[in-house]
Amino acid sequence: MWMPIRAIFGPLCVVPVKYGFCLAQIVLLYAVLVGVQLANYVWNSVETDLDHTAIPAVPSSLLNSVKTAVGTSVLYKSVQKVASNLGLSNSDLPATSIMDNHYECNTNNMNQFYRVGSSAGNNDNATMCVDSRSTLPSELLPQLTSYSYTMCQPSKFKDFNTLMHWFYEDSYDDDYPNSDGVLHDGIKVSPAGFPAISASSLSQQCVSAVDGLLTSMSPSGVKAYTYNFTVSNSGEQTKTNQAIIMNAHLGNTMPMHSQDGAVKPLYVDAVGNIQFVFSNQDYSNGNPNSYSKQANNSTNNIVNSLYSNDINQANADLNSYINGLNKSLLDYLSTSQTSNPQGVAETTANTSGVNSNTSYYEQCKNYLLPNQQITMRYLECLQLEESNQTYNLPGDHLDPEYPFKSYIDSWWIGGESYLSIDQIMNNNLESAEDELNQALSYPGMNILSTMHYNIPLSVYYYPIVNGNVPQYQGQDKQLHSIKDMKSNSVSTTAGIISTTQTVPNGLSMVSSTWSNLIYQTIPACTGQDSNKYSDKSEAAVCRNINQLQMNLLNLPNEWRPPFIYLLDLIKDSPKTEKITDIAENVKFLNNVFEFLQVNGIYQPTTVTSVPVYAVIDKIFNRLSGNGATDVTGVMNELYQLGIPADNLFSTIMQAQQVGADTVQAVINSFMSIFDNYQQQFNNVKNTAASMVKQGAEESKHLAYLDSSLSLFGASTDFSSLYASWSQIKVQLYMAAQIGSMSMSMAWLPLAFIVLGSLFTAGISFVVMMPLIPYFLFWAGTIVWVLSILEGLIAMPLVALVLVYPEGHEILGHASPGIKIALNIIFRPVLMAIGVIAAIALTYVLITYSAQGFHLVAPLVINNFSSSNMVQGIVSCFLIFIYSSFMMMAFSKCFSVIYLIPDKVFDWIGASSNQRAGAEDVQQLQGKTEGLASQSGQAMGSGVQQGIQAKQTETQSQVQADSQEIQLGAQRGKNFASMSKAAGEDVAKGVAEGAPE
């Protein structure tokens, strides 16, 4: 039956009908247009959905924050329940009041709770009066810069300035005899000169030193500041470079170091009060049907289940609430969708009031929503305008209010607007987060801490003469360094008040006496006190009490405030009943801790990132002071890539920011290393120049002495001997300094490997990763266009094979061609779906991949025993592997751009398996990483060559300058010879003029 039809229809399809195309080709072109319109419809629908708060999914970070809030509410309500069971009330506390200065309590008994009356206005508030110590509040230090001017007044440097002028304006030699009578070779100032310093300049340098300390956040509380100045000799027209060191530090004494060399924390006095206020315990801020009321019911159910020793039911209640919240949030987002899938397509009928002079930037605002919310079409319009390219299509003149409308509504823009998709998705998730924050009102414990810190500030200063610290002979006949003189200092005590909404971390009452508070209120059970629990076994009671004690001891700092409140309330209350007196309370609190840990709300031990600090500090602290901090910071940031960050849901944006920060840190580290060595070589050169000048002067003076001794018949050459010795001394000094720096320069190759690897990773994330979707989409469009051309050529042949009698009953041997044609027709819509799915997948798979790696990495590190250095090296490689893994994860997400068009037709046996752009992207990625690696190596090589050139320059300069010592001796000899000849001429003249 079908054979006659095929025999007639096949030849008819190859007859030209229009524009020289046969019927088969015309059918293909119209089918392609149908596929394009379908792709445009899908693309417009997605644009509209995204413009109206569509999101790829509710991210786990959003729900985890809700879970944490619920867990915190459970903890607060549990603490209140235990306090109620013990009959504790704030009204039972002794009363006091806040003093006029508003940071001290009017009582002599500190570190206890008191009921504050009218000043607080609420008897439910509990206030802890604090008179304690605190570690240095580094975040407050920049606020103390005003004290630097008060401390560094010019009048305080008047005497020191006078001494420095006396010191440099006269020749100076600090040679002192040792105990055996041998002279100590000390510092010499010769010739004398005028120092370019004043009391005002010293004051300004002191201010700079203090400000530098306060703004650098130095963990040791110490910062050395070097004030360079010149000493001018008007007679010889020479200048000598000298320096004054200003050691600014916090405290009246220099910081102490522990046995391992680490700086011990610096403590300062802290007085004030901490107010605890439990708020919204009944979710009173929520509407009857709001999320908050649902949370209230769930929290109450969880607390009751935990008190009833049913942890499984508590977990089920929490999961039920989270699942319900997830559904409610998705329902809220779905209800905000517009019913018009074309967006602005039907809102442009009236274009009569258009001003032709209006800029495209103004016209692009027509794509904004009525509430001026940014839309995807608005971002695309700006992107097209800023590209300075012509994208207008023939239909755009019909709708001048909306520039680039035809192109924006076309699926073809998918290759350029995928980053706009990502930005809108991120904005929509932020809107969802805002909705939760506004709709949810969890119970909380508001804390208001008002602390007054007394922070000592001091600056010790001393001169550096010719690169050395002067010494003096004390009353004990021993030599002492002038930098140890306490008289050369200025100091003050800076007071600052800080108000925070948490318990300050540095308070010793929290950090060091936390265990004492637990041992005092929950003593360990030994079994002898268990007879009071007649219905409980002795072992079970003791086990629960000891478990509660252990849970509290391992509690992280951020979870301690409610228990500080509870335990201090128990300790200071006149009632004698304790937590351990009621077995149900002990078991209940243990259940709360288990519930929080099982649901991942908190962990008893802090899990830190992989320990790269051991090896990074070892390498970079020898090369650059700030390099270690920058490198460790950016490596930690790189390792956190993919982990949900605050107010940033887009992993693409996060990766680009991490890449940019990494590149900047690498550049800063290279510059810091070079600047550090350049400064060291300059210091060496200046010190050597001072030694050469001193040697030349001394050699010249000894030449005069040789000339004088020759008048008495003595033949000496002290000047040549001293000149040779001075040159040897300069050479020894140079050898010692260059050798010391060469030891640190041995770490340069390792540092450059680390920096080069980081630079490659940074370039990959900031440049290559965001371009992968464009390359894949571009390759797909090229393949599609070429496939259309291929189809136009092949369709007449496909029509002719219909005449062949074998094959498929209807299509004959044309069946494969029809399947290929279907691939051509539907490729645009599948590519549009692919690019949208690729961006959506980054919100799910990247976080999933990152969290999985973070679970495995600690196991890898902890699976063997080794030193911190080995663990640090392994950690460095783990981070570099992690960056490559994240790049691979992004590539997998983006691969759906070509996988969907290829794999969908596998289901009907029409797979093309073209993998459009996959191999090209791999080649581009390899070339980009190779170029980045070469650039990193070039920067490292440039820095190393610069350091070596500076070293060669310094050595050559010092070697050339050292000849000045011999020249000084020779000038002295020449001057002595001339003086001797002149004397002889005078004597001869006198002899000739004398009478016979």
Side-chain angles (χ1 to χ4, degrees), residues 101 103 133-165 195-230 242-256 263-272 450-464 469 481-500 504 506 625-626 629 672 675 679:
N101 53 24
Y103 63 80
R133 294 193 311 161
S134 171
T135 54
L136 193 66
S138 57
E139 69 279 0
L140 301 178
L141 295 183
Q143 303 178 30
L144 303 179
T145 53
S146 59
Y147 284 90
S148 60
Y149 295 94
T150 304
M151 182 175 64
C152 299
Q153 292 292 327
S155 58
K156 297 183 179 181
F157 293 92
K158 183 177 180 180
D159 293 341
F160 182 75
N161 177 60
T162 301
L163 289 174
M164 288 295 97
H165 278 267
I197 58 175
S198 64
S200 297
S201 63
L202 289 170
S203 172
Q204 185 57 47
Q205 301 305 319
C206 175
V207 170
S208 299
V210 175
D211 290 348
L213 170 65
L214 297 177
T215 56
S216 66
M217 303 298 182
S218 174
S220 63
V222 178
K223 188 173 183 65
Y225 186 86
T226 303
Y227 171 31
N228 296 303
F229 63 94
T230 59
Q242 303 292 355
I244 292 176
I245 302 298
M246 292 195 172
N247 271 328
H249 61 90
L250 301 162
N252 294 320
T253 58
M254 297 299 289
M256 300 297 294
V263 178
K264 293 183 178 180
L266 178 63
Y267 287 93
V268 295
D269 294 334
V271 293
T450 305
M451 304 302 301
H452 183 274
Y453 299 96
N454 293 318
I455 304 175
L457 289 173
S458 301
V459 176
Y460 290 86
Y461 47 90
Y462 55 88
I464 297 292
V469 179
S481 174
I482 196 172
K483 68 179 182 180
D484 296 328
M485 294 180 63
K486 304 302 181 184
S487 58
N488 294 337
S489 65
V490 291
S491 62
T492 188
T493 299
I496 185 170
I497 298 177
S498 173
T499 301
T500 59
N626 296 328
T629 302
S672 179
D675 292 341
Q679 182 62 41

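For this chain, numbers begin at 1 and follow the sequence in order. Quick caveat, the model's predicted, so the values are computed rather than measured.
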key: Those residues that, when tested against Q679, pass side-chain hydrogen bond (donor to acceptor under 3.5 Å, both in side chains) (two or more places apart)   = N683
message = Does any part of the side chain of S198, heavy atoms only, come nearer than 4.5 Å to the side chain of F229, both counted from C-beta?
response = no
query = Which residues pass the side-chain hydrogen bond (donor to acceptor under 3.5 Å, both in side chains) test with Y227, sequence neighbours left out?
reply = S201
note = Residues at least two apart in sequence or cross-chain that pass side-chain contact (heavy atoms from CB on, under 4.5 Å) with I496, listed by chain then number, are L140, Q143, L144, Y453, I455
request  = Quick one: pull up CZ in F157 and CE in M246 and give me the separation to the nearest 0.5 Å.
outcome  = 4.5 Å
inquiry  = Holding to side-chain hydrogen bond (donor to acceptor under 3.5 Å, both in side chains), I want the full list of residues that pass it with T226, two or more places apart in sequence or in another chain.
reply    = none
ask   = Once the angle between the rings of Y461 and F160 is folded into 0 to 90°, is it parallel (under 30°), tilted (30 to 60°) or perpendicular (over 60°)?
value = perpendicular
Minimum heavy-atom distance between S134 and A270, given as atom pair plus value = CB-CB, 3.9 Å
message = Within the 4.5 Å heavy-atom criterion, are Y225 and L213 side-chain neighbours or not?
response = no
query = So do I244 and I464 actually touch side chain to side chain, heavy atoms under 4.5 Å?
reply = no
query = How many angstroms lie between CE in M451 and OG1 in T499, if you round to the nearest 0.5 Å?
reply = 10.5 Å
request  = Please report the closest heavy-atom contact between N454 and V268, naming both atoms and the distance.
outcome  = O-CB, 3.4 Å
Spacing of CG belonging to N161 relative to CD1 belonging to I197, to within rounding of 0.5 Å = 5.0 Å
ask   = Does a side-chain heavy-atom distance below 4.5 Å link K156 with L202?
value = no
Atom pairs and distances, donor-acceptor, side-chain atoms in residues 145-154, under 3.5 Å, two or more places apart:
unit_1: T145; atom_1: OG1; unit_2: P142; atom_2: O; d: 3.4
unit_1: Y147; atom_1: OH; unit_2: G495; atom_2: N; d: 3.3
unit_1: Y147; atom_1: OH; unit_2: G495; atom_2: O; d: 2.9
unit_1: S148; atom_1: OG; unit_2: T145; atom_2: O; d: 2.5
unit_1: S148; atom_1: OG; unit_2: D211; atom_2: OD1; d: 3.1
unit_1: Q153; atom_1: NE2; unit_2: Y149; atom_2: O; d: 2.8

request  = Assess whether side chain to side chain contact (heavy atoms under 4.5 Å, CB included) is satisfied between V459 and N247, documenting all intermediate values.
outcome  = CA-CA 5 Å; V459 176; N247 271 328; over 6 Å; no
